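Whatever order the structure lists them in is the order used to number ligands and atoms, beginning at 1. None of the values given here were measured: they were computed from a predicted structure. Only heavy atoms go into these numbers, but all of them, side chains included; no hydrogens, no water, no symmetry mates.
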Amino acid sequence: MTDLVAIARSFFAHGKGILAADESVHTATTRLASYGISASAEMRRQYRDLFFGAEGIEQYLSGVILFPETLLEKGSDKKLFSRSLAARGIVPGVKVDLGTEPFPSSPDELITQGLFDLPERLAAYKKQGAIFTKWRAVIRIDGDQLPSAQALHENAKRLASYAKESQIAGLVPILEPDVLLEGNHSRTRARAVVEETLEMLFSVLDEQSVDRASIILKTAMALSGESSGKKDAPEEVAEDTIAALLKCVPRQIAGVVFLSGGQTPNQATDNLSAICRLSRAQEGTIPWPLTFSYSRALQEEALTIWKGEEENVVDARAAFLARLSKVSSAVSGT
Ligand code: 13P
């Protein structure tokens with residue numbers, strides 16, 4: 001087994017998963033503002049410290065995805081975040097895409113930028129302690145019109161080029177084609193789009209000869225759109241999500257992680273629990289390990305308590321650990 005494959009598989013240690021803490025400056029600012037916190041660079045650092053500084057997170061976390069600025073920052077213990085996470089057995093990684101822009105051939109859709117100077121940036125992130133990377137593509141559903149085949153293809157090509165560069169740089173790639181929850185589509189439509197997206201992605205990965213064994217897929221679940229008025233039962237989500245994965249994802253990849261995508265913490269936990277239960281029930285037919293790579297669903301309760309105030313840190317961290325414990329149990333079935 002190569003080092004990259006061993007690292008990729010290590011994220012799926014029993015009951016552990018990945019915290020996505022790689023919000024861009026823009027996303028972090030908007031997120032903090034939604035909790036009444038005005039975000040300076042120092043406030044963003046405290047935001048990261050709130051989560052990384054919580055005692056005991058290593059029971060639940062195998063990895064943390066950082067934003068590039070955070071790779072260079074220190075926690076309240078005066079140690080670089082990447083070092084203190086690694087010292088606790090939590091592998092640090094970094095988001096390497098540079099966000100999205102409208103796709104010229106279909107301006108209502110987005111394509112992800114960041115390939116231009118990627119090799120140089122990967123070399124720098126590696127020196128700064130990153131062991132793995134993430135690239136997010138955004139797929140929007142609008143009736144039967146979107147996503148367009150061209151946008152799916154362009155995003156897949158960029159994901160494949162990124163994955164190849166990351167492997168060349170000696171960094172495990174996490175490929176995130178994020179099929180958005182926004183919209184009034186049915187769960188059946190979401191499942192069809194997840195399938196279309198993954199089929200396109202894996203065919204382009206093969207065309208570009210990307211090594212399958214060291215990649216991790218980060219995917220959305222098959223869910224009814226948030227303005228559809230439909231509440232899916234976790235068992236329905238599990239059935240459609242697992243069916244889509246079984247149809248489209250080659251058995252050789254290192255594993256599959258889920259994003260929370262705007263689900264509430266309880267929904268993201270219950271749906272993950274149903275997915276992992278179904279996967280255990282079908283033992284032998286599900287070829288990859290599964291776990292979480294959540295941002296919003298892990299952070300929401302803690303941020304509501306924190307409000308940017310030092311006096312609330314202890315309680316906010318306790319809420320974060322309580323949610324981590326539930327999400328971890330969802331994966332391990334304990
Ligand atoms: P959510 O879990 O909030 O969807 O975030 C995951 C992520 O990494 C988005 O890029």
Checking the N or O distance criterion of under 3.5 Å, is ligand 1 in contact with R31? no
Centroid-centroid distance, F292 to F258, less than 6.0 Å: no
Counting heavy atoms only, which part of S295 comes closer than 4.0 Å to ligand 1: side chain, backbone, both or neither? both
Looking at S260, which atoms of ligand 1 are within less than 4.0 Å of one of its heavy atoms? 1 (P), 2 (O), 3 (O), 4 (O)
How far is atom 9 (C) of ligand 1 from its nearest protein heavy atom, and which residue and atom name does that atom have? E176 OE2, 3.4 Å
Run the numbers for me: atoms of ligand 1, each under 4.0 Å from some heavy atom of R136, listed by number. 9 (C), 10 (O)
Short N/O distance, under 3.5 Å, between I65 and ligand 1? no
Do ligand 1 and R296 have nitrogen or oxygen atoms that lie under 3.5 Å from each other? yes
Can Q299 and E23 be counted as having a side-chain donor-acceptor contact under 3.5 angstrom? yes
Going by distance only, is there an N or O of Y294 that falls short of 3.5 Å from an N or O of ligand 1? no
When you compare the side chain of V94 with that of I65, does any pair of heavy atoms fall below 4.5 Å? no
the protein heavy atom lying closest to atom 10 (O) of ligand 1 turns out to be K134 NZ, 2.6 Å
Cut-off 3.5 Å, side chains only: do T112 and D97 have a donor facing an acceptor? no
Give the atom numbers and elements of ligand 1 that come within less than 4.0 Å of a heavy atom of K218. 6 (C), 7 (C), 8 (O)
A side-chain contact here means heavy atoms from C-beta on lying under 4.5 Å apart; do I37 and W306 qualify? yes
Check against salt bridge (Lys or Arg N to Asp or Glu O under 4.0 Å), R44 and D49: CA-CA 9 Å; R44 283 197 304 278; D49 194 51; over 6 Å; no
Distance from atom 4 (O) of ligand 1 to nearest protein heavy atom, with residue and atom: G261 N, 2.6 Å
R83 CZ: over 12 foreign heavy atoms closer than 6.0 Å: no
Salt-bridge criterion met for R136 and D178 (N-O under 4.0 Å): yes
Would you say A297 contacts ligand 1, with heavy atoms under 4.0 Å as the rule? no
